[in-house]
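Scroll down for the structure; my scribbles are underneath it.
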Amino acid sequence: MKPCAGQLKYLIAVKELLDKNETVRCVNISHYLGVSRPSVSKMLRCLANSGLVHDDFCNSVRLTDEGKHAAAEIYEVFSEVYVFFRKFLKLPAEEAHAQAVAFITEFPRDTCERLKGLVRRTVNKGNKHE
């Protein structure tokens with residue numbers, strides 16, 4: 001099952017918090033995304049029902065193997081789209097992050113993949129000339 005836009009946002013947030021070596025709890029996600037704790041609990045229940053996070057998310061949020069795979073896949077596309085907004089459009093880091101999240105959650109997966117490929121080709125071409 002393909003994650004919905006909300007699930008994508010939460011998976012990105014959980015991955016980024018985990019990458020900072022933080023214990024990820026509902027309150028951390030709430031602050032990170034600027035949403036209420038009940039909203040976080042509701043989405044985590046949805047992610048657990050989808051098999052992306054472990055059911056015992058009340059103490060700490062842990063991705064399942066399927067969740068780790070999905071987050072890595074999503075984050076690969078997110079990272080390339082972020083480069084587009086940051087380096088090509090010269091947006092400030094926080095705005096580029098928000099725009100990249102909005103882009104990958106609102107545009108079709110195929111469009112995101114095409115932009116990812118374009119960014120990679122352009123960056124690689126630029127590296128060859130250096």
Side-chain angles (χ1 to χ4, degrees):
M1 182 176 88
K2 184 180 136 190
C4 69
Q7 290 173 325
L8 293 175
K9 288 177 190 177
Y10 277 78
L11 285 173
I12 290 169
V14 169
K15 179 170 180 357
E16 289 179 340
L17 289 167
L18 287 170
D19 287 349
K20 291 179 181 181
N21 294 318
E22 293 188 26
T23 299
V24 181
R25 295 179 19 236
C26 290
V27 68
N28 303 103
I29 298 169
S30 173
H31 287 119
Y32 195 79
L33 293 176
V35 297
S36 70
R37 280 191 260 177
S39 293
V40 173
S41 293
K42 183 176 178 182
M43 182 55 75
L44 289 176
R45 173 55 45 215
C46 180
L47 289 169
N49 290 342
S50 298
L52 299 173
V53 299
H54 289 280
D55 283 329
D56 60 345
F57 58 81
C58 292
N59 294 325
S60 68
V61 178
R62 295 174 300 116
L63 296 170
T64 61
D65 288 340
E66 184 180 346
K68 288 175 188 174
H69 177 73
E73 196 174 275
I74 291 159
Y75 207 76
E76 179 185 353
V77 175
F78 166 79
S79 296
E80 297 294 340
V81 172
Y82 173 82
V83 167
F84 173 76
F85 285 107
R86 183 77 171 119
K87 295 192 183 226
F88 291 80
L89 299 184
K90 310 271 190 239
L91 296 179
E94 193 171 300
E95 188 176 344
H97 186 279
Q99 293 294 322
V101 170
F103 189 88
I104 69 165
T105 57
E106 297 301 324
F107 280 79
R109 178 82 178 187
D110 180 54
T111 302
C112 295
E113 289 290 338
R114 292 173 72 188
L115 181 60
K116 177 182 93 171
L118 176 67
V119 169
R120 282 192 176 169
R121 286 191 304 277
T122 304
V123 169
N124 287 339
K125 190 182 293 184
N127 290 338
K128 288 178 185 176
H129 295 296
E130 293 176 3

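Index from 1, following the sequence. Bear in mind the structure is a predicted one, so any value in this text is a computation, not a measurement.
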Look up atom CD1 in Ile74 and atom CG in Leu8, then write down how far apart they are to the nearest 0.5 Å. 4.5 Å
Going by heavy atoms in the side chains, are Val24 and Tyr32 under 4.5 Å from each other? no
Rounded to the nearest 0.5 angstrom, the NZ-CG distance for Lys15 and Leu17 is 11.0 Å
Do His69 and Asp65 come within less than 4.5 Å of each other through their side chains, counting heavy atoms only? no
Name all residues meeting the ring pair (Phe, Tyr, Trp, His ring centres under 6.0 Å) criterion together with Phe103; count only those two or more places apart in sequence or in a different chain, and write none if there are none. Phe107
Sorted by chain and number, sequence neighbours left out, side chain to side chain donor-acceptor pair (under 3.5 Å) with Arg120 holds for Glu76, Glu80
Please check this pair: side chain of Thr64 against backbone of Gly51, looking for a donor-acceptor N/O pair closer than 3.5 Å. yes
Criterion side-chain contact (heavy atoms from CB on, under 4.5 Å) on Val14 and Leu47, from CA distance to verdict: CA-CA 11 Å; Val14 169; Leu47 289 169; 5.6 Å; no
N/O donor-acceptor pair under 3.5 Å between Thr122 side chain and Leu118 backbone: yes
Strictly distance-based, threshold 3.5 Å: is any side-chain N or O of Arg86 a donor or acceptor partner for the main-chain N or O of Leu91? yes
If you take all heavy atoms of Leu11 and Ala71, which pair is closest and at what distance? O-CB, 4.4 Å
Is Leu63 close to Leu18 at the side-chain level, that is, under 4.5 Å between some pair of heavy atoms? yes
Using 0.5 Å steps for rounding, measure from the CD atom of Gln7 to the CG atom of Leu52. 6.5 Å
Answer yes if Leu89 and Val119 sit in the same cluster of Ile, Leu, Val, Met, Phe, Trp and Tyr residues linked by side chain heavy atoms under 4.5 Å apart, and no otherwise. yes
State, with a plain yes or no, whether a side-chain heavy atom of Val61 is found less than 4.5 Å away from one of Asn28. no
Enter the distance from Asn59:CG to His54:NE2 here, rounded to the nearest 0.5 Å. 13.5 Å
Please list, chain by chain and in numerical order, all residues satisfying ring pair (Phe, Tyr, Trp, His ring centres under 6.0 Å) with Tyr75, sequence neighbours excluded. Phe78
Between Lys90 (side chain) and Lys87 (backbone), is there a donor-acceptor pair under 3.5 Å? yes
Any idea which heavy atoms bring Cys112 and Val81 closest together, and the distance? O-CG2, 4.5 Å
Starting at CG of Asp55, measure out to CG of Asn49 and round the result to the nearest 0.5 Å. 7.0 Å
Under the criterion side-chain contact (heavy atoms from CB on, under 4.5 Å), I'd like the reasoning laid out for Ile12 against Ile104: C-alpha separation, chi angles, the key distance, then a yes or no. CA-CA 11 Å; Ile12 290 169; Ile104 69 165; 3.3 Å; yes
Working to the nearest 0.5 angstrom, can you tell me the gap between Ser30 OG and Arg37 CZ? 6.5 Å
Determine the minimum heavy-atom distance between Ser60 and Thr23, stating which atoms define it. CB-CG2, 3.8 Å
Starting from the C-alpha separation in whole Å, work towards a yes-or-no answer on side-chain contact (heavy atoms from CB on, under 4.5 Å) for Lys42 and Arg45. CA-CA 5 Å; Lys42 183 176 178 182; Arg45 173 55 45 215; 5.8 Å; no
Whether the side chain of His31 engages the backbone of Val27 through a donor-acceptor N/O pair (distance < 3.5 Å, no angle test) should be reported. yes
Are Tyr10 and Val35 packed together at the side-chain level, in the sense that at least one heavy-atom pair is separated by less than 4.5 angstrom? yes
